[in-house]
Each structure stands twice: as structure tokens, then as C-alpha cells.
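The block underneath contains the structure these notes are about, expressed in C-alpha cells.
If you're wondering where the values come from, they're calculated on a predicted model, not measured in any experiment.
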Amino acid sequence: KERLLPYRSSAFPIRLINSDTTMSHKVCLECQQKFAANPRNNKRYSQTRRIMCNAGKTFRCQAQNSKNMFSRNSSIYILGLLTCAVVIVQAFATSPSSPSNLSPWGTRGGAVTSSAFGMSENNMDSSDSTEGIERKAEIPSPVIIPLNGVSVNSPLKEAEKTAQVVNGEAKKTILSSGGFSDGIVPATYVAETNLPTDIGHFRIRAYRIDETEGATREPNPLGAGAGLGSEPCVIYCTDKPPFGSKGGERGGAKNVPMRIHDQCFTSEVFRSQRCDCKEQLKMSLEYIRENGGAIIYLQQEGRGIGLANKVAAYALQDLGLDTVDANTHLGFPEDARQYGVVHSLLKDMGIDSIRLMTNNPRKIERLRALGIDVVGTIPMVVPNANPYNKKYLETKRERMNHKNFGSMLESSPVSSILSSDYSHVDIMVARNSIAEKYISEGEEMAAAAIALALLDDPEQSGVIAAEDGYCFGRKSVEDAIASVARGELIVVVDDESRENEGDFIMAADKCTPEAMAEFIRYSSGVICIGMEGKRMDELELPPMVVNNEDPKGTAFSVSVDATAEHGITTGISATDRSRTSVMLAKQGSKASDFHRPGHIFPLRAQENGVLSRDGHTEAATDFARLAGSSPVGLLCEIVSEENPVEMARLPELKRFCKTHGYVLTSIADLQQYRRDTGL
């Protein structure tokens, strides 16, 4: 019986032989002679292994039985095991409690003592005095904490006991703008080492957030990847350690410059220009190199939502959303960062108060709510914006209340752009089949339409008339009139300082059930119909209320439906509402053709249309009249598809119109058109 096995140190195969018969045909000449001289060896060598002899030309047999257990290979293995044992013994001998080549740094005050280190620059001899002396208070201990526990001389032992509770209960804060609640989070010191950089020579001090009983962190409610990472660290300049005493008469360090910096993998590793994080980190390192202080570096990417979610937010920013709306659109708070561990790190370093390097007042509020004494701030503003982060910085200033920017953004000679080259836009635009599909969903379609809209004017947030009085141009009004004449819907936006909303408008006498369904699909569903006052009086449509308190003065009348004689059932369907709209626009209709209340809301337009009042009611009657129809126009506000709880504003309306092929114009354009033409 035999089987081939790979030999460990040779490319040759070997054979394992189990046989009670003579093996002369399987073995080398020397072994054959041995077997011939003493046949009893057949039993003794019942299991043999053929291996290469020293000459490398023949095979030598080696017995593997109970009387010959240790071969030459076995001796090598034993020697290796003994070597490992020596290494382990040496590791135990070099324990933190004995003199070593570690830097002789101790705790910062308190009763913790350790043996003196008897080493010098050129001498690592540990035979000097080992009498206990108090460690230096201003330099940290480099002792490495075991991963499964806390070392007996850990400088954080006492901090762990007290960091979880302040005055009996951890202080908390909940940010009103959608942030997270903070509670003090204990952390354990792990190790410290040199950190030479191209900016200067620093030290990095690593911690691990406790997962022990009483400090176990629950899964982040935002899901995987979000929340605070488990290994914060502290960086400080080697020759300017910021540490103070943790107790005693001296007290801790005061007014220490401190940057609490949140990880930005895309910027700091991949050199992204979409934010100012890597620049702020560099500025902070340069500051502490010159002035002392420290940087607390926290692993919470994308303001606490995690790397993958941050990439998803970036994708939405590519489509026109700002950094705040991108987060909220994904279902996250605008800022989900947590700073509970900062209290524990400062306590470990013996720091009583800090001057925070930040432009963010909210961060100051959150730290103070955790019991951290923030005595002042140090501005940390990049010199200028670039085309990729200007919008981000503007959002930080305008929507997140960041300070200290001064005139930096206004003086930066750049404009926000989507990317440095628009090749991806060209590819998306070239996919004509996408534009032909009448759908409101689909990432490719949305990306193509939005990219096109951004190329027009990425910074246009509302209607602002140019010197000639037009916003979108005279042609936009002419195209809108032509669309209304064909029975199509148009989108009309009002001034940014008014409602900054867009309404569907069409001639009421051309309304079909399909057009009404289109109205309802994208709008609030409250279908109104603008009419001249004289016609409303003829149809006996009085005001809805005597005292109109509408902020914009919209003149609602009682709502109506056409009567059953005209084929109306419940009045709410697209078919019923389109019939009511056509009946209201017909000159031959009478007051008795309608019953009150109903599902269509007539609005009384002022005489002379938009030249008297810049409202959508007047725009509806003007467009219907200019298109050659009865001066009765349907209108309804368009709801945001990107944020369905809000109304659509101009940036989204531009994308919406290009996606679905609607003509977009404004009340300001219609006003100027009427002035120019006298119509």
C-alpha cells in the first residue's frame, strides 16, 4: 500500500510504504542489504519513508517507529520551540514594572510611583538604583496597556472611575438643529510613540474607548459605519507637551490650545478638495508646533455618518444639494458627531481648560454641556476657497453658523463648480433615451437633468431680474404662451423674496383628465383656478371669508364642483375636476351649474393681472388670456420630489422642468413681457 506526499524541502515526491514483505524493490541498496541480513527488520521497519540522501542521487530510508521517534527534522522543530520559549521569557522579563529602555516618563501628579530608570543616552544598563521616585508630572507614560485589561500603573485608572459621572450624572446636550445627545464616554490609554512628520516632530498618544461593563456602547442608531470610532488619539509637539497635574495644589493645565478634529478620510488620505479638513488639520499642527497645545483626533467621518454614507451624501451634492440637505435627505441629522470622549482624554492629560481651535459655535456649546471648560477660541480659517469647496464653506457659514470667515469667501476669485471636467455630464446627456422616458425616478435620468441644470447657473437660488427686467428671458415667456395655447402645463416661479415657489399653470378650458392627473401627481393637490372678479360675480362665487388673513392676500372664494347633470360623481377624481375646470372657463356656464362646496378653489385675480399684483393667480389669468383662451387659468404649487415635506424651490424646479420637458418662466419675466409688448 502506498500514497504520494509532497516532501517539505524537495520537489521530489516520497512514498509511504506499509508492507510486511521484502521491500528491496522500494528502497535503496544500503537498506536492501540491511533487510537481507536480518529479515526481522521487516517488522521493525514496517513503516518507512524514502528521503533524499546527502549525495542527492539515491534515496535513503528512515524508520518511523516507536524506537526512533526523534529524527533530524524533529530536532530542528524542538530547537525552534526552544527559541520561541526564550523570546517569551525575555518578554516577561521586560515588564513595565522593571527598568527598561522606555522613556522615563511618569504620571502627572498623584500618588502613582514607579522604579527609577537607570539609563542614559549611550547606556541602557538597568543596574542603577531602583528606589521608588515620583514620576514627572509634565510628561506622559509610554506604558502599553494590555488589550484585555488595564495596567496597574495606567494613568487612566482613576479617570475611569470618575469620567462616567459628573455631579452624580453625566451631562448631556441635544443639538436643536438635529444633532445627537452626548454623554461622557470613558477611554483607556493604550500607547504613545514618536510621530515625525513633514511639519515637525510630534508625539501621538492612542486610546481605546472602553467596552467594559457599565461603559458598553450600544449600536449607533444611524447604522453601520456611523458614530464615534473606538480609537481616538492625541497629537502634540514633542518639545511642547501640554500635560498638567491631575490633582494636588498645582491643579491641571489651563488655557491649553486644543483642536478637536474629526476624521476626513477623503480629504486627508485621498487629498479631496471638496472640503477644508486637511488644510485645517495642517494649520492646527503648525499652530501647536509653534505655540504648544494638542489635537484630539476622533474617528467620526462625515460629521458622524460614516464613510459610505458620506460618499452617498457627496453623490447628492453632485446633484445640487448642499452638505446639510444631503445629510437630511439621507435621513441623517446635519451633524451626528459626539464628543463625550473628549472629557475623558482631557482628564487623563491633566488639562482643566482649553482654548478651542474652531469656527463652529455649536461645538463650543456641546463641549461646555459636557462639563469642559472652553475659555476661548482660536480661529481656524483656510486662506481661500477653491472651486470644489466654496459651496461647502458657504453652507457652513450660512446654514451651520460657522464664524470667522470674514470676507474670505467673497474675495476668493472662484465660482462653485461640479467638477474640473464635465466629461461625465456629456456622457449622461448623450443618453437621449433617458429623456424620452416619462418617469420621476431613476438615478441616471435625475443625474443627467440635474447636471444640465447645474451647468446653467449653479448659484441661482431664486428669481432675480437682470437690468433688462427679465430673469429667464423674453423667449421663456413666448415659449410659455405657446405651450399654454397647446394645452400644456408650464411652471411659473415667483420672486425669491416672496414665496420662492413654482406653480403649474395651464388654460382651464384646455384641461383634460390626463392633464389634471399630471397636476395632481406633482403638486399639493389643492387645485385652484384664477378668474377675473367680474366673471366670479356672474357665477355667484363669494369670498371664502369676510376677513381675509392670508399673508399674500390670496383671494379664495367658496370651493365648487360641477353638478351631476354635467357627469360629476364625487368631484375628487381627475376626470371630475377637469370637467369642473372646463365648466368654470366656459362663457355660457351659470351659477346653477355648480354646487358649493367642492374640490376646485376659485381665486379672484386683480384687474390688470401681474402688473397689479405679482401673484400666481394673476399669472394664470394672464397666460390663459395671452394664449387666446378664456382668462381662466388653473394653478397649483409643485411639491419637492427631493424633500417631499417641502415645496420645490428654483434650483430643484430647474431640474424638474428639464427632466419632464416643462417650460420654465417667472412672474418677473411675464411682467416685463407685458410692459414691452403692451399686452
Side-chain angles (χ1 to χ4, degrees), residues 436-441 480 482-492 502-532 535-536 538-541 544 554 556-605 616-617 619-621 623-625 627-641 644 647-648 656-657 659-663:
E436 296 171 0
K437 296 180 180 179
Y438 188 73
I439 56 175
S440 60
E441 298 178 357
S483 294
V484 173
R486 293 192 297 268
E488 299 171 357
L489 282 67
I490 64 171
V491 176
V492 181
D503 282 30
F504 276 135
I505 286 177
M506 76 171 298
D509 58 5
K510 296 182 180 297
C511 183
T512 63
E514 292 75 18
M516 181 58 70
E518 194 173 345
F519 252 96
I520 297 167
R521 180 179 185 183
Y522 298 112
S523 72
S524 65
V526 180
I527 308 299
C528 300
I529 186 165
M531 305 177 66
E532 294 178 340
R535 180 58 179 157
M536 293 184 71
E538 292 173 353
L539 296 177
E540 299 177 6
L541 300 176
M544 183 180 289
T554 305
F556 280 89
S557 79
V558 293
S559 57
V560 297
D561 281 338
T563 59
E565 288 79 3
H566 301 286
I568 302 298
T569 56
T570 62
I572 189 61
S573 68
T575 299
D576 285 357
R577 284 196 268 186
S578 68
R579 288 176 180 172
T580 299
S581 301
V582 172
M583 289 292 297
L584 286 168
K586 287 178 62 174
Q587 291 297 320
S589 298
K590 306 181 295 295
S592 58
D593 291 323
F594 306 94
H595 62 73
R596 303 150 181 81
H599 298 90
I600 296 294
F601 296 82
L603 305 177
R604 183 180 291 262
H616 286 100
T617 303
T621 58
F623 272 116
R625 178 178 58 82
S629 295
S630 173
V632 180
L634 286 167
L635 62 149
C636 192
E637 300 91 341
I638 300 171
V639 174
S640 170
E641 288 185 312
M647 308 309 296
F656 177 79
C657 290
T659 300
H660 300 290
Y662 298 120
V663 173

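Applying the side chain to side chain donor-acceptor pair (under 3.5 Å) rule to Ser640 yields the partners Glu652; only residues at least two apart in sequence or on another chain are considered. For Arg535, the side chain to side chain contact (heavy atoms under 4.5 Å, CB included) criterion is met by Met531, Glu538, Leu539, Ser589, not counting sequence neighbours. Thr575 meets the side chain to side chain donor-acceptor pair (under 3.5 Å) test with no other residue; sequence neighbours excluded. Residues forming a side chain to side chain donor-acceptor pair (under 3.5 Å) with His595 (at least two apart in sequence, or on another chain): none. Thr570 is linked by a side chain to side chain contact (heavy atoms under 4.5 Å, CB included) to Ile572, Asp576, counting only residues two or more places apart in sequence or in another chain. Under the salt bridge (charged side-chain N to carboxylate O under 4.0 Å, His left out) criterion, Glu514 pairs with no residue, sequence neighbours left out. With sequence neighbours excluded, no residue forms a salt bridge (charged side-chain N to carboxylate O under 4.0 Å, His left out) with Arg596. Considering only residues two or more places apart in sequence or on other chains, Arg625 meets the salt bridge (charged side-chain N to carboxylate O under 4.0 Å, His left out) condition with Asp622. Take Ser557 and apply the side chain to side chain contact (heavy atoms under 4.5 Å, CB included) test, not counting sequence neighbours, and it matches Met536, Leu541, Pro602. Taking the side chain to side chain contact (heavy atoms under 4.5 Å, CB included) definition, one finds that Pro597 meets it with Ser559, sequence neighbours left out. Under the ring-ring contact (aromatic ring centres under 6.0 Å, His included) criterion, Phe519 pairs with Phe504, sequence neighbours left out. Every residue was checked against the salt bridge (charged side-chain N to carboxylate O under 4.0 Å, His left out) condition with Glu637, not counting sequence neighbours, and none meets it.
Arg577 places no side-chain N or O within 3.5 Å of a backbone atom of Gly571 that could act as its donor or acceptor partner. One N or O on the side chain of His616 and one on the backbone of Val492 form a donor-acceptor pair closer than 3.5 Å. Judged by distance alone, with hydrogens and angles left aside, the side-chain atoms of Ser630 form a donor-acceptor pair with the main-chain N or O of Ala585 at under 3.5 Å.
A side chain to side chain contact (heavy atoms under 4.5 Å, CB included) with His599 is found for one member of Val560, Ile527, Thr580, Asp561 and no other, namely Asp561.
Between Arg486 and Ser483, the side chains place a donor N or O and an acceptor N or O closer than 3.5 Å (distance only, hydrogens not considered).
Note: His660 and Tyr522 have tilted aromatic rings, judged against thresholds of 30 and 60 degrees for the angle between ring planes.
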